[in-house]
Amino acid sequence: MAIETPIGFQRRSGELQADGVPLEEIARRYGTPTYVYSAALLEARLRALRSAFAALAPDICYAVKACANLSVLSLFARWGTGFDIVSAGELHRVLAAGGDPRRVVFAGVGKQRWELERAIDAGVGRFNAESAAELERLGAVARERGVVARVALRVNPDVDPRTHEYIRTGSKENKFGVDLDRAGEVIRAARAIEGIDLCGLHCHIGSQICEAEPYVGALRRIRAFFDDFGRAGFDHLDLGGGFGIDYGDGREMDFAVLASALQPELRAIGLPLVLEPGRSLVASAGILLTRVIEVKAGRDRSFLIVDAGMNDLLRPSLYKAAHRIEEVRPSGAPTHRGQVVGPICETGDFLCEARDLPLSPAGALLAVRDCGAYGFAMSSQYNARPRAAEVLVLEGRARLARRRESFDDLLRGELASDLLDG
Ligand code: LLP
C-alpha cells in the first residue's frame, strides 16, 4: 500500500514537515530565516476556490502582491490563472514567470504614464482605472499606440468590511475608486474618450474579510447602479479579492458560503465574474522558519530572540497580526509567558505579542505559520539584513526558489562618496 504524502504543513512523529519534507532538513540545507512554500497546498487552495465558485465560473486573477516569487507565479500560470498586478514591476515578474499578458489585469491607485505605456506595449488584457484622470491618461497612451485598451472602472461601494483599518478599501473615506454616485458620469465621459473601451466595473473592498455580508452589500449597490444606468457595453464585473484565512482564531471566509451568498445578486447582474484573490490562495501555504538565538528573561515575560525580525515579517508590527508560532520539533521546554522578538533595534520588532509559549532553547527551530501572503513580499533590508531565502516544496522535493541575499546584494547600485558622479 502506498503511503500518502501529507499535503502542506503537518507533523510526522511529532515533527513539522512541508509536503512530507522535514523542516529541520530544509533549515539545515538553506539556513534561516527562510520562507517555505508548499506547492501542493497552493494547488489545493486554488482547487477549493474553483470548486466552490464552479457555478459562477469566475476568471481567477491571482493578486501578485501577496507573494510574487517567480516560482509561485509560474505555478499559477501553469494552473491557468490570470494575474492581478498593481505596478510595472509586478508586470515584469509575471512576464518573467511565463504569464500571459492578455490574462493580466492592471489595477492600483496612482498608475503613472510610463507604467501604462509599458503595460500597453506588453499587451496587458485589462485595466482597472481608479479615476477620471487615469482614464484620460490611459486613453492618450492607447491612442498614441493605435490600440484600444479594455478597462473597468473601480467603484467604491461604501461598505464596512469589518477588518483592520489599514486594509479597508471600500468605504467612502478611502482613496480608492470612484464613488458609486459619480460612476455614471465618469463612465459616460470615458465612453467618449477614443482609445478606451469601458467594459467593466471593478470593486475591491478590503482584505482579510471573513464574512460574506460586506460583499453582498457591495453587490446590492452595484446592482442598483446597473439597474439605473443599464448594462450596455459591459462584459464583466471584477469583485476583487480580500477573502480572509484562519490565522488560528477560527475566523475565515468559507469559499462555498461566499459563493452561494453572492449568487442571487450576481445572477441578477448577469455579467461574467472576475476575482482577484491573493491571501486566500497563498497565506496558509507558506511558513517562515527562524531559529532561536537566545532566551532572555524580562520582568513580566521572557524574550525568545530569533533570527527573523520585522524586516522579514512585518505583519505583526504593522497590523498587530497574530500568527501561530510553533516549534518544529517539540523541545519539551516549559510553557511560560513569552514574546518572540527579532534582532532589530526597535521595540516594535516582534513576531508575536506576549503569549503563553514554550521557552524554546537557543538553536530551536520555530515555524511562523500562514506567512505565504504578505510575508516575504513586504520584507526589507532594514538594519542591513539581507532578505531571507525562499524555498518551494514541489513534488515532494525542497528546491531553492530565491537564494538568500548576500552582503554584495545589500550594496548593489550604491556608491561611496568619493565615487559619486560629478
Ligand atoms: N485586488 C486589489 C485591488 C487589492 O488591492 C488587493 C489587496 C487584492 C486584490 C488581494 O487581496 P487579498 O485577496 O490578498 O486580500 N499587506 C496586508 C494586505 C494588503 C492587501 C492589499 N490589497 C496584510 O498583510 O494583511
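Order of listing sets the numbers, starting from 1, for every ligand and every atom in it. Basis for what follows: all heavy atoms, side chains included, without hydrogens, waters or symmetry-related copies.
- Asp227 and Arg231 are joined by a salt bridge, as a carboxylate oxygen and a charged side-chain nitrogen come within less than 4.0 angstrom of each other.
- Of the residues Thr290, Asp307, Asp312, the one that meets the side chain to side chain donor-acceptor pair (under 3.5 Å) test with Thr32 is Asp307.
- Ion pairing of Arg387 with Asp409 is absent here, as no side-chain N (NZ or NE/NH1/NH2) approaches a carboxylate O to less than 4.0 Å.
- The nearest heavy-atom contact from the protein to atom 20 (C) of ligand 1 is Tyr374 OH, 3.5 Å.
- If you take CH2 on Trp114 and CZ on Arg137, they are separated by 12.5 Å, rounding to the nearest 0.5 Å.
- For Gly278, a nitrogen or oxygen atom sits less than 3.5 Å from a nitrogen or oxygen atom of ligand 1, counting backbone and side chain alike.
- The Gly241 neighbourhood of ligand 1 comprises atoms 9 (C), 13 (O), with distances under 4.0 Å to a heavy atom of that residue.
- Per-residue contacts place Gly242 under 4.0 angstrom from the following atoms of ligand 1 (heavy atoms of the residue considered): 11 (O), 12 (P), 13 (O), 15 (O).
- Using modelled atom types and a 3.5 Å distance limit, the side chains of Asp408 and Ser406 yield no donor-acceptor pair.
- Of the protein's non-hydrogen atoms, Ile167 CG2, 3.7 Å is the one closest to atom 19 (C) of ligand 1.
- Within a 6.0 Å sphere centred on CZ of Arg397, other residues, nucleotides and ligands contribute 12 heavy atoms or fewer.
- Residue Pro277 has at least one heavy-atom neighbour below 4.0 Å for each of these atoms of ligand 1: 13 (O).
- Note: an N/O pair closer than 3.5 Å links Ser207 and ligand 1 by distance alone.
- Using a cut-off of 4.0 Å between Lys/Arg side-chain N and Asp/Glu carboxylate O, Glu194 and Arg143 are scored as not salt-bridged.
- Remark: minimum distance from atom 21 (C) of ligand 1 to any protein heavy atom is reached at Lys65 CD, 3.8 Å.
- Atom 17 (C) of ligand 1 has Tyr319 OH, 3.0 Å as its closest protein atom, hydrogens excluded (heavy atom only).
- Side-chain contact between Gln208 and Ile245 is present, with heavy atoms from C-beta onward closer than 4.5 Å.
- Side-chain atoms of Asp356 and Thr335 include no donor-acceptor pair closer than 3.5 Å.
- When non-hydrogen atoms are compared, ligand 1 lies under 4.0 Å from neither the backbone nor the side chain of His164.
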Check against salt bridge (charged side-chain N to carboxylate O under 4.0 Å, His left out), Glu134 and Arg154: CA-CA 11 Å; Glu134 184 186 330; Arg154 179 170 184 174; over 6 Å; no
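- Heavy atoms of Met378 come nearer than 4.0 angstrom to ligand 1 in at least one pair.
- His204 CE1, 3.3 Å is the protein heavy atom nearest to atom 8 (C) of ligand 1.
- The part of Arg315 lying near ligand 1 is the side chain, judged by heavy-atom distances below 4.0 Å.
- The closest heavy-atom contact to atom 1 (N) of ligand 1, among the options Glu130, Arg154, Glu276, comes from Glu276.
- Here Asp84 has side-chain heavy atoms under 4.0 Å from ligand 1, and that is the only part of it that gets that close.
- Not a single heavy atom of Ser280 sits less than 4.0 Å from an atom of ligand 1.
- If you number the atoms of ligand 1 from 1 as listed, the ones under 4.0 Å from a heavy atom of Arg279 come out as 12 (P), 13 (O), 14 (O), 18 (C), 23 (C), 25 (O).
- Side-chain atoms of Tyr62 and Leu46, non-hydrogen and from C-beta on, never get closer than 4.5 Å to each other.
- Residue contacts with ligand 1 for Ala66 are absent, since no atom lies close enough (heavy atoms, distance under 4.0 Å).
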